[in-house]
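Letters A, B, ... are given to chains in the order of the sequence lines, protein chains preceding strands, and every chain is numbered from 1.
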Protein chains: 2
Amino acid sequence: MGTISVPHDPTVFIVDDDESVRRSIEWLVGSVGLKAESFASARTFLDAFDPDRPGCLIVDMRMADISGLELQEWLMEHGATLPVIVMTAFGDVKTAVRAMKHGAIDFIEKPFNEQQVLELIQNSIAEDATRRQQDVDNRLVGESLKRLTPREREVLEFVVKGLSNKEIAREMGIVPKTVEVHRARVMEKMEARSLADLVRRFSLFQQRKG
Amino acid sequence: MGTISVPHDPTVFIVDDDESVRRSIEWLVGSVGLKAESFASARTFLDAFDPDRPGCLIVDMRMADISGLELQEWLMEHGATLPVIVMTAFGDVKTAVRAMKHGAIDFIEKPFNEQQVLELIQNSIAEDATRRQQDVDNRLVGESLKRLTPREREVLEFVVKGLSNKEIAREMGIVPKTVEVHRARVMEKMEARSLADLVRRFSLFQQRKG
DNA sequence: ATGGACTTTTGATCTAGATCAAGATATTGA
DNA sequence: TCAATATCTTGATCTAGATCAAAAGTCCAT
């Protein structure tokens with residue numbers, strides 16, 4: 001079981017080709033004690049991009065080379081779930097809907113209200129944090145599951161369904177005693193201290209992976 | 001325990017002040033065997049509106065009197081969760097984002113691609129159906145919870161946390177035997193046939209109501 | 001106040017699950 | 001093939017939970 005560490009404090013990544021906009025958002029973000037990093041293009045942002053760094057991305061829609069929307073779509077396609085706030089002065093329905101449907105957490109129009117933007121940023125960061133925590137939990141459960149033997153996995157399924165050891169034994173064509181041993185191993189490998197624990201973890205895991 | 005019945009097959013509710021649009025969508029919807037009901041204004045739709053009827057709503061944004069967006073917002077405010085598809089020929093960022101954030105499942109621009117609209121409608125109906133089923137489940141669990149005595153509720157919390165009866169007894173300052181009785185009553189009132197059942201139901205319930 | 005309904009509490013008993021230890025079977029790499 | 005390892009299986013014993021029945025305390029309405 002490897003240790004999983006959260007690598008950094010949350011960062012607000014700012015991508016805009018207009019330096020004055022970058023500076024103004026930097027200042028805004030810094031004023032509430034959050035860390036900010038600015039990039040003049042999607043390209044330079046992607047070069048530095050590390051999917052493990054928590055926070056949120058605030059990006060201008062219209063930029064030379066790669067647009068904000070394209071950047072957002074690139075991130076989605078590559079499984080990055082960093083919340084994206086898209087800024088624009090020239091939006092239209094299509095792009096807005098496209099951005100929202102592709103996971104942009106919000107859409108803001110310049111000139112923007114500073115207080116609103118701050119709230120958006122803070123909500124985004126919070127969402128990102130909880131999602132990352134869930135991912136970590138899920139990965140741990142997933143790795144525990146991989147350590148189960150076939151028979152143990154079977155038993156787990158039945159246990160979580162609420163069958164008694166006797167019933168499980170009948171289903172599996174073995175004696176209840178054996179089920180108990182498998183069950184104990186499952187509890188141990190899943191690091192569950194109680195049946196309630198086991199059920200909760202496994203159910204959440206099932207739910208979160210379709 | 002009252003019986004909860006699903007009142008109808010899913011219906012596509014069409015609200016548009018342009019009769020030709022209504023007819024064309026009606027035809028489209030009918031062509032895949034779905035039931036449609038048309039309304040020439042938000043007003044007439046609301047007069048007939050029954051939150052218990054499943055399906056989806058497809059509404060024009062620009063209409064005299066009450067606009068599609070206002071209708072959508074009215075529905076949200078009144079707790080109606082019917083999926084809403086907003087149609088428009090004159091969208092802009094603000095309204096699109098507003099619609100999306102307020103729960104519109106999608107936004108389409110006239111003239112629309114028939115196949116796309118059909119897919120949207122079918123997805124919306126499916127989402128509505130699963131959401132309604134979850135609501136029913138949740139309500140049943142909620143009503144069972146209301147039947148628990150204070151002491152039973154306490155025990156439930158501890159049980160779901162995975163504490164043993166002995167531990168719960170210590171926490172509550174009573175003898176383990178008593179906990180067992182409360183616990184048995186909880187299982188009975190929650191209609192859980194196993195601990196796994198209980199944990200899964202209660203966890204889902206907790207999760208779905210914040 | 002008093003009967004009735006509900007809630008909380010407990011004892012004795014029975015069953016199922018956890019824990020101890022370990023044999024049988026299968027799989028794999030030298 | 002043979003040893004090593006992993007997996008599957010089981011028995012005996014001990015503990016915790018379920019089930020039987022029921023006393024004591026609370027609350028409400030007549």
Side-chain angles (χ1 to χ4, degrees), chain A residues 1-2 139-206, chain B residues 1-2 139-206:
Chain A
M1 171 124 332
R139 182 145 21 114
L140 290 177
V141 173
E143 301 200 344
S144 299
L145 275 174
K146 273 190 266 176
R147 292 203 182 77
L148 298 184
T149 66
R151 222 55 175 152
E152 286 163 356
R153 246 184 288 270
E154 278 186 75
V155 170
L156 171 59
E157 298 275 353
F158 286 125
V159 167
V160 169
K161 272 187 198 156
L163 299 203
S164 71
N165 287 353
K166 201 192 283 184
E167 293 170 313
I168 298 173
R170 211 181 310 124
E171 294 282 333
M172 293 176 65
I174 52 181
V175 88
K177 182 66 200 70
T178 310
V179 176
E180 289 169 23
V181 176
H182 287 315
R183 185 176 186 146
R185 286 252 157 73
V186 168
M187 294 295 285
E188 184 191 321
K189 290 185 180 175
M190 298 292 289
E191 296 172 69
R193 282 167 332 187
S194 66
L195 178 56
D197 241 38
L198 186 71
V199 173
R200 213 165 337 88
R201 288 187 193 192
F202 187 71
S203 298
L204 276 182
F205 181 81
Q206 288 288 57
Chain B
M1 169 129 329
R139 183 145 20 115
L140 289 178
V141 173
E143 302 201 342
S144 299
L145 276 174
K146 274 189 267 174
R147 292 203 181 79
L148 298 184
T149 67
R151 221 55 175 154
E152 286 163 355
R153 248 182 288 268
E154 277 186 77
V155 170
L156 171 59
E157 299 275 352
F158 286 124
V159 166
V160 170
K161 272 186 195 153
L163 298 202
S164 71
N165 286 352
K166 202 193 282 184
E167 292 171 311
I168 298 174
R170 210 181 310 123
E171 292 284 334
M172 294 177 64
I174 53 181
V175 89
K177 183 66 201 64
T178 310
V179 176
E180 290 168 23
V181 176
H182 287 316
R183 184 175 187 148
R185 285 254 157 73
V186 168
M187 294 294 285
E188 184 191 322
K189 289 185 180 176
M190 299 290 290
E191 296 173 70
R193 280 167 334 182
S194 66
L195 179 54
D197 241 38
L198 186 70
V199 173
R200 213 169 334 90
R201 288 186 192 191
F202 187 71
S203 298
L204 276 182
F205 181 81
Q206 288 288 58

I'd like to check [X] versus [Y] (side-chain heavy atoms, cut-off strictly below 4.5 Å). Are they in contact?
{"X": "A:Leu156", "Y": "A:Leu145", "value": "yes"}
{"X": "B:Arg201", "Y": "B:Leu140", "value": "no"}
{"X": "A:Glu157", "Y": "A:Val160", "value": "no"}
{"X": "A:Lys177", "Y": "A:Val181", "value": "yes"}
{"X": "A:Val186", "Y": "A:Val159", "value": "no"}

I'd like to know if B:Glu154 pairs up with B:Arg151 as an ion pair, taking the criterion as any Lys NZ or Arg NE/NH1/NH2 lying under 4.0 Å from an Asp or Glu carboxylate oxygen. yes

Separation of [N] [atom2] from [X] [atom1] (nearest whole Å):
{"X": "B:Lys177", "N": "D:dA22", "atom1": "NZ", "atom2": "P", "answer": "14 Å"}
{"X": "B:Leu195", "N": "C:dA16", "atom1": "CG", "atom2": "C1'", "answer": "14 Å"}
{"X": "A:Met172", "N": "D:dT7", "atom1": "CE", "atom2": "C1'", "answer": "12 Å"}
{"X": "A:Glu180", "N": "C:dA22", "atom1": "CD", "atom2": "C1'", "answer": "16 Å"}
{"X": "B:Arg183", "N": "D:dT19", "atom1": "CZ", "atom2": "P", "answer": "11 Å"}

Do you know which two heavy atoms are closest between [X] and [Y], and how far apart they sit?
{"X": "A:Arg147", "Y": "A:Lys189", "value": "O-NZ, 3.0 Å"}
{"X": "B:Ile168", "Y": "B:Val155", "value": "CD1-O, 4.4 Å"}
{"X": "B:Ala196", "Y": "A:Lys161", "value": "CB-C, 4.4 Å"}
{"X": "B:Met190", "Y": "B:Ser144", "value": "SD-CB, 3.8 Å"}

Is the number of heavy atoms from other residues, nucleotides or ligands within 6.0 Å of CZ (B:Arg153) greater than 12? yes

Please round to 10 degrees the angle between the axis of the first five pairs and the axis of the last five pairs in the helix from C:dA1-D:dT30 to C:dA30-D:dT1. 40°

Close approaches to DNA chain C from residues 163-171 of chain B, in residue order (heavy atom, under 4.0 Å): none

Anything under 3.5 Å between a protein N or O and an N or O of nucleotides 5-8 of chain C, put it in a table, one pair a line.
residue: C:dT8; atom: OP1; partner: B:Arg151; partner atom: N; Å: 3.3
residue: C:dT8; atom: OP2; partner: B:Thr149; partner atom: OG1; Å: 2.3

